[in-house]
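For ligands, and for the atoms within them, numbers begin at 1 and follow the listed sequence.
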Amino acid sequence: MGIKIENIIKNFGSFVALDSINLDIKEGKLTALLGPSGSGKTTLLRIIAGLENADEGKISFFGKDITNAHAKDRGIGFVFQHYALFKHMNVFDNIAFGLRVRPKNVRPSKEEIKKKVNTLLSMIQLEFLANRMPHELSGGQKQRVALARALAIEPKVLLLDEPFGALDAKVRQDLRRWLRRLHDEISITSVFVTHDQEEALEVSDEIVIMQNGKIEQVGTPESVYENPANPFVYSFLGNVNLFSGRVGENGLVLGEGETLFVRPHEIEVFLQKEIDAIEARVIGHRILGARVRLDLMAQGREICAEIPKLQFDILRNSGKNSVFIRFLSLKSFQDNEWSEYVI
Ligand code: ADP
Ligand code: MG
């Protein structure tokens, strides 16, 4: 049993920020709250932390009702997007802070604190920076220190609000892999807020997808990606082509019909005419390293396909500006259900 959230409602004036949230967060797992800006992720995290009160509902940690417990009595560690390190303290003192301010009867000895901080420094791989001041650290290093500081008090629950949001892309990728590995070692019940689907898919054991103060779906990264509950989840978790069309005896006809969904990598691209393939004109491309995004025009509709760079090189060398495409997966959503077309 981890964190149980029951019927949590939060209004700001007449605005409903959280609309009856029910959620079980698994013990020892890393759970991502994923959703667009304004969907209520931070509000939910702050209510879990006790930094904000819900209007209604109940929260339990490991079977114990903590709805009315003060934040400092909940046993949580918190990491924010903007490194909240103490500017006037070096790295060592920042990490030691939470232990040093404990009441005397539960405060570890100086030696114990030193040992603990050194262990944490080695865990975040920053032993050599113990004496640096925050302004002498890079953004990524600051966030690792913030994490060590949050872990120093041995929290039962670790809460992270877009912890890598202010960092540049490469550092962010490195840090999320690092956090994933670290989490595999320490297995602390953690909730990670992000609006970045790639980050959520890569880092978490479980993803909670939110929109407008509601939960749209909960599941493992693989299950929500493979079986999205609805078009919102489908579109939020990856690139998508949306167009109207009909699948009949003669294959797919674009234009009138229902809304069809296909991901760019689910479109097969041929240089030669193929059975059941539609001719498409290449109107643009973007090279994304090993993959290339092709902008295509087929039957008056713009469609985006993604192909390997090697195939793109062959296309480019051929001098052709049209290709033939076939849809590997074509979905429509009606009456709350997906149907998949085989063409
Ligand atoms: P997210 O973290 O998903 O971007 P938030 O939980 O921060 O979203 O906010 C959800 C909604 O609640 C937003 O529309 C935001 O403007 C509103 N909101 C958040 N905090 C307050 C507040 N203290 N007062 C009024 N509105 C707020
Ligand atoms: Mg937020």
Exercise. So, for F164 and F80, is the gap between ring centers shorter than 6.0 Å?
Worked result: no

Problem set entry | F333-F261 aromatic ring centre distance below 6.0 Å | no

For this session: Return yes if a side-chain donor-acceptor contact under 3.5 Å exists between T220 and S223, otherwise no.
Result: yes

Problem set entry | Per-ligand residue contacts, ligand 1, heavy-atom threshold under 4.0 Å | F12, F15, A17, P36, S37, G38, S39, G40, K41, T42, T43

Exercise. Quick check: does T42 have an N/O/S atom under 2.8 Å of the Mg ion (ligand 2)?
Worked result: yes

Exercise. Is F324 close to L271 at the side-chain level, that is, under 4.5 Å between some pair of heavy atoms?
Worked result: no

Exercise. Taking only residues two or more places apart in sequence or in another chain, which ones pass side-chain contact (heavy atoms from CB on, under 4.5 Å) with E216?
Worked result: I209, Q211, N230, F232, V233

Problem set entry | Pairing of E258 and R246 as salt bridge, 4.0 angstrom limit | no

